[in-house]
Amino acid sequence: MKRTRLVFSGSGGQGVITAGIILAEAAVIYENMNATQTQTYGAAARGGATKTDVIISDSKIYFPEVVQPNILVCLTQDSYNNFASIIRPGGILLTDLRFVKTIKKIDAKQIELPMYENVIKQINKKVVFNICMLGALIGITRLLKPSSIIKVLKKRISKDFIDINKKALDMGIKMGREFKK
Amino acid sequence: MKRTRLVFSGSGGQGVITAGIILAEAAVIYENMNATQTQTYGAAARGGATKTDVIISDSKIYFPEVVQPNILVCLTQDSYNNFASIIRPGGILLTDLRFVKTIKKIDAKQIELPMYENVIKQINKKVVFNICMLGALIGITRLLKPSSIIKVLKKRISKDFIDINKKALDMGIKMGREFKK
Amino acid sequence: MSVKDYIRERFFPHIWCPGCGHGIVLNSFLRAVEQLKINKNKIVITSGIGCSARISGYVDFHSLHTIHGRALAFATGLKLSKPKLKIIVPMGDGDALAIGGNHFIHAARRNIDVTAIIMNNRIYGMTGGQYSPLSGLNIKASTAPFLTIENDFNIVELAKAAGASFVARTTTYHVLEAVTLLKKAIKHKGFSVIEILSQCPTYFGRKNKKGDACSMLELYKKNTGKIGSKKLNNNPDLIKRGIFVNNNKPEYCEEYEKIIQKAATAAAIRQI
Amino acid sequence: MSVKDYIRERFFPHIWCPGCGHGIVLNSFLRAVEQLKINKNKIVITSGIGCSARISGYVDFHSLHTIHGRALAFATGLKLSKPKLKIIVPMGDGDALAIGGNHFIHAARRNIDVTAIIMNNRIYGMTGGQYSPLSGLNIKASTAPFLTIENDFNIVELAKAAGASFVARTTTYHVLEAVTLLKKAIKHKGFSVIEILSQCPTYFGRKNKKGDACSMLELYKKNTGKIGSKKLNNNPDLIKRGIFVNNNKPEYCEEYEKIIQKAATAAAIRQI
Amino acid sequence: MTSKIKFVHGNEACVRGALYAGVNFFAGYPITPSTEIAEILSQKLPEQGDKFIQMEDEIASMCAIIGASLTGHKVMTATSGPGFSLKQEALGYACMAEIPCVIVNVQRGGPSTGNPTHVSQGDVNQARWGTHGDHSIIALTASNHQDIFETTVNAFNFAETYRTPVILLFDETICHMREKLIIPRKNDIPIVNRFRTSLKKHVDYHPYLPREDGRLPMSDFGDVHRYNVTGLFHDMWGFPSNNPKIVQELLHHINDKIENSIHEITKYKEHYLENAEYILISYGSSARSAIHMAKNRTQRGEKIGVLELQSLWPFPHALVREKCSKAKAVLVVEMNMGQILNQVKLALGDSKNVFLANRIDGNLITPTNIKALLRVIQGRGV
Amino acid sequence: MTSKIKFVHGNEACVRGALYAGVNFFAGYPITPSTEIAEILSQKLPEQGDKFIQMEDEIASMCAIIGASLTGHKVMTATSGPGFSLKQEALGYACMAEIPCVIVNVQRGGPSTGNPTHVSQGDVNQARWGTHGDHSIIALTASNHQDIFETTVNAFNFAETYRTPVILLFDETICHMREKLIIPRKNDIPIVNRFRTSLKKHVDYHPYLPREDGRLPMSDFGDVHRYNVTGLFHDMWGFPSNNPKIVQELLHHINDKIENSIHEITKYKEHYLENAEYILISYGSSARSAIHMAKNRTQRGEKIGVLELQSLWPFPHALVREKCSKAKAVLVVEMNMGQILNQVKLALGDSKNVFLANRIDGNLITPTNIKALLRVIQGRGV
Amino acid sequence: MARLKLKEHLINQDWCKGCGICVHFCPKKVLKLNAMERVEVLNPENCICCKFCELRCPDLAIEVLTTQDGKHD
Amino acid sequence: MARLKLKEHLINQDWCKGCGICVHFCPKKVLKLNAMERVEVLNPENCICCKFCELRCPDLAIEVLTTQDGKHD
Ligand SMILES: Cc1ncc(C[n+]2csc(CCOP(=O)(O)OP(=O)(O)O)c2C)c(N)n1
Ligand SMILES: Cc1ncc(C[n+]2csc(CCOP(=O)(O)OP(=O)(O)O)c2C)c(N)n1
Ligand code: SF4
Ligand code: SF4
Ligand code: SF4
Ligand code: SF4
Ligand code: SF4
Ligand code: SF4
Ligand SMILES: [Mg+2]
Ligand SMILES: [Mg+2]
């Protein structure tokens, strides 16, 4: 049984929930896996802290929440402070250089990437920050094929925006792979 | 244990329910008895058939409905046809000469009095028909003291109408007593 | 067909009190339908709870006797789901404007093609004479032993403000007018409201010393004036009768068809 | 006292989105209360459910956050039971006029001394942008993907028809006017309604391409005109701002005192 | 001086009890068979300088009394089936916000409009479960007018003691029949009044922090303590919170304050219960038939007793278990499809000898109806 | 061609099921966490030429779908706690007038406004007892999206088969989480359509006279049969009646048509149940945790099984009795104070070994929560 | 339109509740209530066939049958 | 009334949500949003103390402290 447990956390406008959904949907529809996605919901969605749990597995998933993620993404300092400690020992903790100062000593591979900065510099549309993050994640973990993500994006997003999303994804993948090396 | 079970039946405007309430109230408040009064209620109250059950007793009354009345009053043909058969053998069945043709052979003392006719003739206010009926009943049975009824009337009715009510009551009592003789 | 062909004779005599205005409304309504010659199977009459609401059981149409105050919400479901039906909603003043006030203003706002007949006796008849939002000031009622202090709604103004596209008022005295206005209301495309002042001699009349049904009808005669009439011009404080609103705003179900067109187009484009 | 003295600082920053008009309404409201110098203990603020309704938690008065649509019914109980209190009821357009429409027209009819502040963003903000009875035609909403076909209420007309004795309208752009009108509404004896057009950039703005909060405020500036102003006279189709109704009808709780007087007399007579 | 002996219907007995208990605010909307309660109060309340209001519907009535309770009044509303259904949302609010109030439901035939002028006891479970979400509730009943009076007083007392809505679950028969009522003298029945905080201005008052004894002192709206009341889960100041610990504690508090007080809340009567072989469990008007029947039979030497419940919720499982431990059979006598029956089964665990004597056709169950079933159970001819 | 594999939240799974079942009229009023159902249908229904309407409140929504059902449509509304409370009066009307309709309640934290964005299963008993008067009801649930889909189809099928409202009792967790859904092909799940009378014009049609097989053929409003529908007790033509015999028969009919069909209505799943010593009974999202835990433990050799209920009302007492007959202990896993627990106790009679594993703080109960309790029962350390 | 001529007043005594509306508002005093408080025709010859009695009867208890003047049907 | 003179813009960065309303509607372009999308004072000297920024801030995040011209308090 292969099972990956992910938590993406950040703040309202950063699109972490969308990122979680895209990832899980890609896994289910294009890679024939099972996946669940849940989120903290509600007033929090208006600018406060947000968090989404994603489980990807080749077998059935019952309990859909992630208690100890293998992969944790924190896009704000707050979320880092809140969640860094729940990571599974040896897991991967991805943060954005701009928003998070990693301070804690954690038994995990801490990866800090300048995703936001690069997005702003190269695309100048912060809406695709989350897609860049997804790219980085895939670059690091090879969890899914990039093409699966792109197929999902094509279904969800109007044509005019596909290109910048692809660009953000590629950028992320590159950063992730490079880090891996 | 002394217990009298009465049913008054008639049609909407005849005031049988009020008569039942007055009788029961008189028993409770001025003669230190127990009494219950129930009624068929509702749309029926608008002109249709009406019926009230009264139980008067020196002990506690639990089940408040009258299955077999000792005393049955029927003021319309309909009510006579419906209820005559439920009377307790040997009971008293009082009807008004004007409205009811007694046809059935019944194991009860059937008493037909020209109450309505007398009320119209002597008082010319049909609203007091029911009080006349109460008078007749008391005249026949001596169930309660007339003064108890009058005390209740005084509480419930505005001064201007007391006199005609008294008159109707007396008229009834006289008819009842005379019949008794 | 005669009026009798539109009723369910086996339930007569009806339950209303002698002289109750609701019977006259029934009478006028039957004549209106008869004169319009609408197919009985095309009419749904739906009502809430109250003396007035009982009208639905007496007429030989599809009849839906619902819960207190909600008839217009049921009517909305009936109409939108099957727009070819004629929906008639007879309502008491309490049913329409106490518990049911919200559905009333929203049906008016949507301008859905339903006819609301408000049988306004200014009292809750069915439950025994409590005051209603139409009683108005200084009325005696079983819950107003010291007379009412509440203002009444002006049904016409309220219906108008909420968006009804046909609004009229008449009384049970003015039966010819009632038949005419009912016909117009029923034929009207859009939300039509007709308020018919209807006497409740048993409670409103008795408690307020208005005399019997006949005297109450006399009062309707005396205290009302037809829009445009001399009588009304001379006494502008009289209760106005006639048609207050009559326009051709877009009707809800017809507008909905446009949504369906748009949606079909959108779906088709998505398929490409 | 300063504005900060009227809020519960520990709950700030509040939950509203950046640029949400409801914050501006709060701002104006606080200034109105500050300028009126009403004792904080004399004010009860009671609200239903919605983004707008959350205002009650932020102000340092007696605060009653109730259920969706019913705030005016709670308010009626509060006021009638303790008439010396000032009752303020901030409401969303859905809260006030979708589910709460009936309580709105009845509070107006009774002319009970309560101030209803309708924060009209033409959308259900709290639940994510569904259309409301104030959206009006051709609006995109999460339950109107093909644009709305429903007419909107005219709050001013509805309040007037129902009987409110003070009715005014302003916007979150016109903050000085808002403060002035709020003061008048609060001081008014009787049911006072003040509609404040309030932007929801998150749902109404985004779905309908109205731009950000600033652009929406610009639209309020552009599309409205003050009653009596030249601008309005030249463009009578603009949304009107100002006071529409302001009269001195008898107020419900004061009238109730008369009932108590009469009852006391009646009881006294009975004792004799 | 007016006499203290009255001949009244049950609705009036309820009103008299409420007035004795100190009701000073009523909001309602008429509905058969509860309307007389509003009608009488529309006269009595203004006569004593207090407020009666007829609202636009039942929802508004329920909301209005909650508002009035918060200003420090003893409040009540009265309704029947359909109106009781409409009040459920706001009733849940009163549970959550812990607002003392009394709601009368004079039961009539249901579901839906059903049988407005006929009797039933079909809303027993609705009183417990009618609103969404978990909560606890107090529901009381009575079988005669003296008890209606006292039960109504108790309802107000419980509402104040536990800061909770209390439901009076009467029925059409009992509320429309007339019988004797003797109004107790002042102080004959103790009255619990609003328990107000003694904290002074500027001292931090916690409207939702139970004291040692479980009670929560209140502060009237308009007084010196300004706090928040909400139907959201909330902290001790009344401000919204999603904190799991606070949510859980609040739910337990709302539940426990009632369930743990079951001994104080439980009211019942025993009729011929000692040594009874057959026990009838009943309440409300159907209890009259049960007692009638038991009395009759006992006089003939049979051992039939009645456990009359006067509080239905929280259901007194332990009491029922204790009283029925030696019975050959238990008959639940009620006018529904067995709502209290299920509670009795839960109480007794073993339900082999638990039976239902019911009637659901709109008529009061008769002693004969009960006897017929009992004979079957006894294996005897009728 | 659009793919048949979807990645959707539970609300969408429900919508997809409803569309598959043939829903063609929806009226609703938004409320978290059920709103997405309305939102998606506001697009899908007009796309297929059908009607969606957002009403002024939940009461109106419930009334509107009843009206639309009478014209022959398959109708649905969706809501959550507070809205479900508001629908109760009209829901009772649908029971009484026997109108097919489907009501979704996506449960959130209660009572009152409670915790709109958090999970609970607090409305289980309300679904059964929320409206006044005695009646029966069908309430179904599901723990994953494939089952939500199928359960929704069943709901429509039952509504049509039994001429009754059917309640879909989902919860916030399951309806907001996303997972895979495979849309079945046409005819993979059988569909029950409106059973219409075959009687011709002028033949006396009895809308309320059950046939031999218990079903009542309907006639659309607008067709040739003009009859009456009312919430009062009524005769076979739908006209009001107080006749005790008719009242009693109608009440029994409304009850029996459901209770006697419990075998057809009951849906459940077994997980590791064979030879299980410890049985977890659960439903909805909490069943996911129960199954997770049972699977884990079973893999470690423990004998723990799950009986997952997919129909809650009518409650399958006999099924529970049968499945649990050999269990050492039964744990009911739910997110309320023990609503299904009580039914399980009623089913098993002896409740010594029946336990509640619950969580009520707004968070999904975890496998660890359940395990902790199980260890206590087993007398083992955690 | 030709003038109407009275054929007959069709009175349903079982439905009539004796409210007196038809009597009171008959312009020609054609009708009266009898001792049982049901309506009766007093002066049919005076009837002008205005039909107000029929139109105002709350109980659908009275119908004015007419022929057109000079015609029979 | 004497003219107001600016003392200080009191800005609560924790409350400001960067909606830009104060910036957009300041008649004198006194304010701006910084990189963190919070408000900052750009040209205090231009401020005419109209206080519209304060009045229109949805977050009560900005206060314009003033002295009356020529006076100190
Ligand atoms: C929910 C609900 N509340 C209250 C009632 C009781 N009720 C029945 S009819 C009615 C009012 C009747 O007044 P109106 O609508 O004016 O009709 P009328 O009888 O006067 O014709 C009331 C309050 C009810 N049936 N249902
Ligand atoms: C009985 C009930 N129905 C529905 C809801 C869900 N709900 C909460 S707020 C709201 C509408 C909010 O819109 P509005 O009143 O305009 O306030 P806004 O959020 O736009 O300020 C709705 C439908 C609820 N809480 N209770
Ligand atoms: S009570 Fe009034 S409204 Fe009802 S039937 Fe009698 S007269 Fe008519
Ligand atoms: S959703 Fe709209 S109304 Fe609600 S806080 Fe955000 S901007 Fe304001
Ligand atoms: S038709 Fe006219 S004139 Fe003739 S009886 Fe009737 S009301 Fe009188
Ligand atoms: S109007 Fe009708 S009911 Fe009244 S008296 Fe005449 S015929 Fe009889
Ligand atoms: S208006 Fe207020 S919240 Fe908006 S940017 Fe200015 S200070 Fe910040
Ligand atoms: S007070 Fe006026 S001029 Fe000064 S910063 Fe604020 S808006 Fe600009
Ligand atoms: Mg009325
Ligand atoms: Mg809004």
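What's counted below: heavy atoms across the whole structure, side chains too, no hydrogens, waters or symmetry copies. Throughout, protein chains are lettered first and strands after them, A, B, ... in sequence-line order, and every chain is numbered starting at 1.
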(message) Determine whether the aromatic ring centres of residues D:His68 and F:Tyr29 are separated by less than 6.0 angstrom.
(response)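 F:Tyr29 vs D:His68: aromatic centres under 6.0 Å.
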(message) With a 4.5 angstrom heavy-atom cut-off, is it the side chain or the backbone of F:Ile40 that approaches chain D, or both, or neither?
(response)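 For F:Ile40, neither part sits under 4.5 Å from chain D.
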(message) Less than 4.5 Å to any heavy atom of chain D: does that hold for the side chain of F:Pro116, its backbone, both, or neither?
(response)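 Neither part.
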(request) Counting only heavy atoms closer than 4.5 Å, note whether D:Ala141 contacts chain F via side chain, backbone, both or neither. (result)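 It is neither, since no heavy atom gets under 4.5 Å.
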(message) Can a donor-acceptor pair be found, under 3.5 Å and without considering hydrogens, that links the side chain of F:Arg108 to the backbone of F:Thr113?
(response)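 Side chain of F:Arg108 to backbone of F:Thr113: a pair is present.
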(request) Indicate yes or no for a side-chain donor-acceptor contact from D:Thr148 to the backbone of D:Asn138 under 3.5 Å, with no hydrogens or angles considered. (result)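 Checked: pair present.
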(message) Out of the candidates D:Trp16, D:Phe11, D:Tyr6, only one should pair with D:Tyr58 under the ring pair (Phe, Tyr, Trp, His ring centres under 6.0 Å) rule; please name it.
(response)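 Between D:Tyr58 and the candidates, ring pair (Phe, Tyr, Trp, His ring centres under 6.0 Å) is satisfied uniquely by D:Trp16.
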